[in-house]
Amino acid sequence: MPNTPPTRLSRIKFTAEPFDLAEVKVLGGPLKAAQDADAKYLLELNPDCFLNPYRRANGLEPKAPFYGGWESRYNGYAGEILGHYLSAISAAYAVTGDKRFKQKVDYMVDEIALCQAQRTDGAILCDPGQARAWEAVSRGEISVDNPIINGCVTWYRVHKVVQGLLDAEAHAGNPKAREVNVRYGDWACNLTKNLSESDWQTMLEAEFGGANDG
């Protein structure tokens, strides 16, 4: 058998590598002012408000009222911001070293894990109707009203939570985040393992955001 020639990609020599957020410090000027303003705002936000729909959907009493906007729309949009906020405070901890961000990250991961533990399948739900909607997806019963699937679920929201947990581990050193994410990934694999190619194409008519990045 003739030798297989190397692909073009295999011949590329990379001269740049990614660096950790903690390796860069902003010391002054408008960028530092912007960073300080961001940090102040992130610290003012209450994690329990973002956790509200997740606790409600899993039979737990909310600890704080939900925020307005999409967070108040309990029909497929509530719970949108939790993953983004977890990513933001994880990154903020890495670049500032402020332990208040670390405390928020650890608290949110613990709360997400608690919500996940209320179920046996590893799902992380933020609407009581989502369980039925995802179960229908697993049977190939898929109705799309972009970006919503079966009335109240979206893959891009799944990705937001996954990314938040990835960032909590990578930037804030939280080991539990990986455990929660692995269970969440197992749920997604089990949910979709019997879908046909046609089912997938129907489902992908709905916005899925960065889910393919994972």
Side-chain angles (χ1 to χ4, degrees), residues 18-58 60-116 124-127 130 147-148 154-178 180-181 184 207-211 213-214:
F19 50 82
D20 191 273
L21 290 178
E23 296 181 57
V24 178
K25 298 297 180 186
V26 180
L27 301 179
L31 290 179
K32 183 63 165 66
Q35 184 184 84
D36 290 345
D38 285 343
K40 181 177 183 295
Y41 177 64
L42 289 172
L43 288 170
E44 289 174 351
L45 294 173
N46 183 355
D48 284 320
C49 294
F50 297 119
L51 288 159
N52 176 298
Y54 292 86
R55 289 185 64 89
R56 281 193 293 166
N58 292 282
L60 300 170
E61 186 70 24
K63 298 180 181 180
F66 50 76
Y67 283 117
W70 276 5
E71 291 297 294
S72 64
R73 295 175 62 181
Y74 207 43
N75 61 346
Y77 291 95
E80 289 283 341
I81 311 300
L82 178 139
H84 288 314
Y85 183 66
L86 184 54
S87 289
I89 58 177
S90 298
Y93 173 66
V95 299
T96 68
D98 189 328
K99 292 184 179 179
R100 290 177 293 177
F101 287 116
K102 171 68 170 170
Q103 291 168 353
K104 284 179 178 284
V105 170
D106 292 346
Y107 175 76
M108 289 193 75
V109 172
D110 285 345
E111 284 289 303
I112 294 169
L114 178 61
C115 291
Q116 185 185 54
I124 301 174
L125 306 181
C126 56
D127 185 307
Q130 288 180 336
I148 306 296
T154 63
W155 279 111
Y156 69 73
R157 188 189 295 105
V158 172
H159 171 255
K160 290 176 182 180
V161 176
V162 167
Q163 189 61 55
L165 291 166
L166 288 172
D167 290 336
E169 179 188 7
H171 301 314
N174 186 295
K176 184 183 288 188
R178 173 178 290 193
V180 175
N181 241 350
Y184 204 14
E207 180 186 350
F208 51 86
D213 179 56

**Asked** If you round to the nearest 0.5 Å, how far is NE2 of His171 from CD1 of Ile89?
**Response** 12.5 Å
**Request:** Return yes if a side-chain donor-acceptor contact under 3.5 Å exists between Tyr156 and Glu80, otherwise no.
**Result:** yes
**Request:** State, to 0.1 Å, how close Cys126 and Ala57 come at their nearest heavy-atom pair, and which atoms those are.
**Result:** C-CB, 3.5 Å
**Backbone of Asp20 reached by a side-chain donor or acceptor of Glu23 within 3.5 Å** = yes
**Message:** Just verifying a value: how many Å separate Leu31 CG and Gln35 CD, rounded to the nearest 0.5 Å?
**Reply:** 8.5 Å
**Request:** Rounded to the nearest 0.5 Å, what's the gap from OH on Tyr93 to CG on Asp167? Could you check?
**Result:** 15.0 Å
**Asked** Ignoring hydrogens and geometry, is there a side-chain-to-backbone donor-acceptor pair from Lys63 to Asn52 under 3.5 Å?
**Response** no
**Request:** Could you tell me which non-hydrogen atom of Met108 sits nearest to which non-hydrogen atom of Tyr85, and how far apart they are?
**Result:** SD-CD2, 3.5 Å
**Message:** Does any part of the side chain of Asn181, heavy atoms only, come nearer than 4.5 Å to the side chain of Val162, both counted from C-beta?
**Reply:** yes
**Prompt:** Is Lys32 salt-bridged to Asp36, cutoff N-O under 4.0 Å?
**Reply:** yes
**Prompt:** Is the side chain of Lys102 donor-acceptor paired with the backbone N or O of Ala172 at a distance under 3.5 Å, no angle test?
**Reply:** yes
**Request:** List the atom of Ser87, the atom of Gly164, and the distance in Å for their closest heavy-atom pair.
**Result:** OG-CA, 3.3 Å
**Item:** Spacing of CD1 belonging to Ile112 relative to CG belonging to Asn58, to within rounding of 0.5 Å
**Value:** 11.0 Å
**Asked** Looking at side-chain heavy atoms only, is the closest gap between His84 and Phe50 below 4.5 Å?
**Response** no
**Message:** Just so I know, are the side chains of Glu169 and Pro175 near enough to count as touching, which here means a heavy-atom distance under 4.5 Å?
**Reply:** no
**Message:** I want to check something: taking the side chain as every heavy atom from C-beta on, are Leu60 and Cys115 in contact at a cut-off of under 4.5 Å?
**Reply:** yes
**Message:** What I'd like to find out is whether the side chain of Asp98 reaches to under 4.5 Å of the side chain of Phe101, using heavy atoms alone.
**Reply:** yes
**Prompt:** If you look at every heavy atom in Asn46 and Tyr67, which pair is closest and at what distance?
**Reply:** N-OH, 2.9 Å
**Prompt:** Would you say the side chain of Arg100 lies within less than 4.5 Å of the side chain of Lys104, judging by non-hydrogen atoms?
**Reply:** no
**Residue pair Leu86 / Leu165: nearest heavy atoms and the distance that separates them** = CD2-N, 3.8 Å
**Asked** Is there a side-chain contact between Ile124 and Tyr54 (heavy atoms, below 4.5 Å)?
**Response** yes
**Request:** Locate the shortest heavy-atom distance separating Thr154 from Ile148; write the atom from each residue and the value.
**Result:** CG2-CD1, 3.5 Å
**Prompt:** Roughly how far, to the nearest 0.5 Å, is CD of Glu111 from CG of Leu51?
**Reply:** 5.5 Å
**Complete:** CG of Asp106 to CG of Asn174, rounded to nearest 0.5 Å, is 5.0 Å
